[in-house]
Amino acid sequence: MKRLNRRSFLKGGLASGVTAAAVTGSVGKADAAGDFGGYPDSMGVLVDLTKCIGCRTCEAACNKEQNLPAPDKPFTDMSVHDEVRHGGLPRRTSEKAYTVVNKYEVEGREHPLFRKVQCNHCQEPGCLTSCFVNAYTKTPEGAVIYDPKVCVGCRTCMIACPFYIPAYSYSSPINPVVKKCIMCYDTRLKFGRPPACVEACPQQVMTFGKRKDLIDLAHKTIKSRPSLYLDHVYGEKEVGGTSWMYLTSQDAPFGEIGFDTHLGKQPIINYVKEFLAIVPMVLTIWPALFTGFHLLATRKEAKKNDESVS
Amino acid sequence: MGIKKRKLLGLALMAAMVSPWSLPGPATAEVFELDSVKNLYEGVSFDHDMHIEITGEDCTACHHHTAGTAPVDPLCVTCHANSPEADDPSCKSCHAKDVFDADNMKKNWDTPLLHHRNKPGLKAAYHRNCLGCHEEIGAPTGCTDCHAMTEVGEKFYNTGKYAPEPTAAGQGGGHH
Amino acid sequence: MKTYVTQGFEPIDTLKKPGSDTPWTLKEKLLLGLSSGEYVKQLVRNPFNWILAIIYAVGIPIILGRFYYGLGWVTHSSYDYPWGLFLGWGLFCMVPLSASGFMLGTTVELFGRKDFKPIERLGLLNGLLGYFFAVMFLQADLGQPWRLIYPMFVSLGPAAVLFLVAWHVATYLTVQVAELVPAASEMMGWKAPKKFVKSIVLGLTVAGIILSTLHQGALGALFTYAPGKVHPLWYSYSFQWFHFFCSSIFAGLSMLIVVSTLSKWFLKWRCDADFLGSLDRITLGLSKGASLALITYLIIKLTAVAHDNEWGLLFTGWGQWYIFELSFGVILPLILYTVAIRNQSVAVARFAALIAVLGILLNRLNTALITFNWNLYQEIPHWREIVITVTIYATYILVYRAVLYRLPILYTWKGESK
């Protein structure tokens, strides 16, 4: 009986060792990936919300560039600004629209302020780090792109996106996929050109350039008109920084125009690291610990067996 | 998207050819066709005279410091208090039509100490300049108030004869 | 079935027909020794089967519709609530309630507590089926279920928590199948597989502990990806995994008490004297384990509130809800278990187990659905989503019952040479 136990102990150790090896390798990678701060020369977009007139030209440009289905209403129909969906919320990105412009009537402001919503292309994207088939890629150019060919459809990326951006083509039974802005990576960004929405904007609300240059520009812009701009570049620090960044007006702080101002500066993956750190610990310590427990717990029995053998 | 003021009147055209050293003060009676960026919309028929009148002959209101009048904005005054009139005060001479093409991008970002790094392209210069004022004084601000939509535009905006079936309206695919 | 047994029928529990050397055929074993006609008759006689029939009449067409028309037909296609009941119930509730497998494996095989042996197999089966059906729920939820193996072999995203869950659940399912091989071997009369499993049982058990610690914890860690979406009281990036892991311990034990009680009530004919005779003692033993886990869980829950200094939140509406969850789902069963252990009252222990199970359901649904997007809006699942969830769960019960009828889980297989 005792010998059997010893042997099974070894086998057990081996079995768990194999599992451990299989999974620790991956966890090491996870930790390494966690400290990635973005590509130094990646591109970005600085959105000056004070200049947006809500004309929806960017929406139309996106629709054409990305070959999205025809909209429900013409892009010239401004009634969409007053549309309210579940929970009293304004429009959001969907499988038919990778970007939308919403109107915000802010108290104490004469004119409404418009806010363009699309993927912010995080430096350390929650979607990317949560994906278990590696469907997302942060390209050196700054875009967060998605490979529909490997997507299983677990939709964890939608859970992990702090900005509620990825949409899913639920209506497709055969090939449902995540639908989100890819910063026109395939058709434009790759060739050094700005996304379609940026170029189409009649007000040039958006400035396209290297992210680091845009941060300088943003602060310079704020400094140049301190009475107009709020001294906060949204996206410079939020969730570890995003490729798309925003400037708003003093009298329309980000919190009042639909931005989440409680996201913190940590990239999403940092909240998960605490757990990821225990994984290798469990994998290495548990086998020895519990086999030890086993030997202790069955010591009497083993002793008895020993005596009976000799 | 470059600025190209095409002068419609032959007379004006001739004047333009002679103009580099002439014309202190407002340009002569002209109606320009601002059509260098036309695509989704037709060009804008721009009555320069009328705008001169409305602004009380204050060229700075649109031309910043390039028309020989001193700017008011303290930000501009720092450098341009005594800037002379530009050789060509037209919008296109400073505001690039193809603001996003590679050369322009490079010039914009790689010129050290460039102050006007975020200078709008021609299209944006028009829109920002016009709309700001129009809004203020209650002049028209709708897109088609100034320029008619082309067929390319109708297709682009899914409107006019390319408008979606009204039955589909409001159906966002069942999502919330 | 009860009727037959009162009439003197004895379901098969041996390899060979009594008094002869002819072995039972597989068909006879599957029909428990009844003729096909008799078997159908008892099926019809059982009112529970009628309920199942109604569920299937409604549920199967809708399940087919889900795959024909897509997820959009059965859910609200919400972009804000990408996970609905299939995962909220099917994954996040089923998995902790199935932690009994590794708990009992550990108790019996690792700590050598042979006194829990009579219920070990029920614990293992409860684990296996719970996990298996959690995967079925997952398959109903995945946009492209046929790509389930992609994270294993096609495109690996090893840094993701879900990658860990996928691998561990898959591995652990294998471990649990292996752990139940002996039961199947006895029935089929195989000797080698049983012997083989017996020789690696400690390895399997230790693997079970590792995998369970990690994937139970990982299910909690999945929500750490959504710091702004899960209500802060239900969110703790330091303790989330431990909350889920620790609560799975009493969840699994309590579920085992519930299932064993149901077996005792509805499947008494299939339980042998060993099982029935030791059940009260075992129930109280499990209660002790559960109450220890409950008190640990309660402390760590409160620690999390203190750690993030969220006391103020307790006075909000969500705070009240949180206090309710904790009082009803943790403190109440804790008190009941304590009373049960002190008074040796099995009935109270069983009631405590039921409350603890409900408490876990409440906690997991709170985290995954109810408090999720607490600052946006609440979403009530589509009725078709509810029907599918009920149908899959009914199948879980059906399969559970079918296995208990046949495999030596509640009874010991007789006449097997050692």
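Here the structure is a predicted model, which means the values were calculated and not measured. First the proteins, then the strands, lettered A, B, ... as listed; each starts at 1.
Neither the backbone nor the side chain of C:Phe223 has a heavy atom closer than 4.5 Å to any heavy atom of chain A. Only the side chain of C:Tyr235 comes within contact range of chain A, judged by heavy atoms closer than 4.5 Å. For chain C, the nearby part of A:Cys131 is the backbone; its heavy atoms alone come within less than 4.5 Å. For C:Ala226, the parts lying near chain A are the backbone and the side chain together; criterion is any non-hydrogen pair under 4.5 Å. The part of C:Tyr69 that comes within reach of chain A is its backbone (N, CA, C, O), which places non-hydrogen atoms under 4.5 angstrom from that chain. Heavy atoms of C:Trp73 lying under 4.5 Å from chain A are absent altogether. Contacts between C:Thr213 and chain A at a heavy-atom distance below 4.5 Å involve the side chain alone, from C-beta outward. Heavy-atom distances place the side chain of C:Pro227, and not its backbone, under 4.5 Å from chain A.
C:Leu164 is listed as a side-chain neighbour of A:Phe275, based on a closest heavy-atom distance under 4.5 Å. In this structure the side chain of A:Pro176 never reaches within 4.5 angstrom of the side chain of C:Leu71, judged on heavy atoms. Annotation: side chain of A:Tyr271 is not in contact with side chain of C:Gln240 (no heavy-atom distance under 4.5 Å).
Considering only heavy-atom pairs separated by less than 4.5 Å from chain C, the leading option among A:Asp147, A:Ile174, A:Ile165 is A:Ile174. If you tally non-hydrogen atom pairs under 4.5 Å between each of A:Cys161, A:Ser169, A:Cys157, A:Pro162 and chain C, the highest count goes to A:Cys161. Considering only heavy-atom pairs separated by less than 4.5 Å from chain A, the leading option among C:Leu148, C:Val154, C:Ile209 is C:Ile209. With chain A as partner, the option from C:Gly228, C:Gly220, C:Gly217, C:Gly112 having the largest number of non-hydrogen pairs under 4.5 angstrom is C:Gly217. Highest contact tally toward chain C, considering only A:Gly88, A:Ala297, A:Ser130, A:Gly87, is held by A:Ser130 [criterion: heavy-atom pairs under 4.5 Å]. When A:Ala160, A:Pro173, A:Gly153 are compared by the number of non-hydrogen pairs under 4.5 Å with chain C, A:Pro173 comes out ahead. Ranked by heavy-atom pairs under 4.5 Å with chain C, the list A:Gly126, A:Cys151, A:Ala135 is led by A:Cys151. Contact count versus chain C (heavy atoms, under 4.5 Å) is highest, among A:Leu128, A:Leu263, A:Asn175, for A:Asn175.
Environment of CD1 in C:Ile380: sparse, with no more than 12 heavy atoms of neighbouring residues, nucleotides or ligands closer than 6.0 Å. At most 12 heavy atoms of other shown residues, nucleotides or ligands fall within 6.0 angstrom of atom NZ in C:Lys195. At most 12 heavy atoms of other shown residues, nucleotides or ligands fall within 6.0 angstrom of atom OH in C:Tyr237.
For C:Tyr150 against A:Val150, the heavy-atom pair with the smallest separation is CD2-O, 3.4 Å. The two residues A:Pro287 and C:Val206 come nearest to each other via the heavy atoms CA-CG1, 3.6 Å. Contact detail for C:Leu162 and A:Cys154: the closest heavy-atom pair is CD2-SG, 3.5 Å.
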Margin query: Go through it in stages, so that I can follow the logic: the residues are A:Val177 and C:Gln144, the test is side chain to side chain contact (heavy atoms under 4.5 Å, CB included), and I'd like the CA-CA distance, side-chain angles, deciding distance and then a yes or no.
Written below: CA-CA 9 Å; A:Val177 289; C:Gln144 309 211 19; 4.0 Å; yes

Note to self: One pair to check against side chain to side chain contact (heavy atoms under 4.5 Å, CB included): C:Leu214 and A:Trp286. What are the steps and the verdict?
What the structure shows: CA-CA 11 Å; C:Leu214 289 178; A:Trp286 259 220; over 6 Å; no

Next item on the list: Under the side chain to side chain contact (heavy atoms under 4.5 Å, CB included) rule, what do C:Asp80 and A:Arg92 come out as? Steps first, then yes or no, please.
Entry: CA-CA 10 Å; C:Asp80 300 328; A:Arg92 60 156 286 166; 2.6 Å; yes

Next item on the list: List the steps and the verdict of side chain to side chain contact (heavy atoms under 4.5 Å, CB included) for A:Thr156 and C:Trp83.
Entry: CA-CA 8 Å; A:Thr156 312; C:Trp83 291 346; 3.4 Å; yes

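By the 30° and 60° cut-offs, the orientation of the rings of A:Phe293 relative to C:Phe111 is tilted.
Here the NE2-CG distance, from A:His294 to C:Leu202, works out to 4.5 Å after rounding to the nearest 0.5 Å. Between atom CD of residue C:Glu109 and atom OG1 of residue A:Thr298 there is a gap of 11.0 Å, rounded to the nearest 0.5 Å. Put simply, CD1 on A:Ile159 and OG1 on C:Thr224 are 11.5 Å apart, with the number rounded to the nearest 0.5 Å. One distance of note links CD1 of C:Ile210 with CZ of A:Phe290; it measures 9.0 Å at 0.5 Å rounding. To the nearest 0.5 Å, atoms CZ (A:Phe132) and CH2 (C:Trp167) are separated by 12.0 Å. Note that the OG atom of C:Ser78 and the CE atom of A:Met158 stand 7.0 Å from one another [nearest 0.5 Å].
The backbone N or O of A:Arg85 lies less than 3.5 Å from no partner atom in the side chain of C:Tyr377, so there is not a single donor-acceptor pair. Using modelled atom types, no side-chain atom of A:Ser171 and backbone atom of C:Gly72 make a donor-acceptor pair closer than 3.5 Å. Side-chain atoms of A:Arg155 never come within 3.5 Å of backbone atoms of C:Tyr81 as a donor-acceptor pair (strictly under, hydrogens ignored).
A cation-pi arrangement is absent between A:Lys179 and C:Tyr79, since the terminal nitrogen or guanidinium carbon is not both under 6.0 Å from the aromatic centre and inside a 45° cone about the axis.
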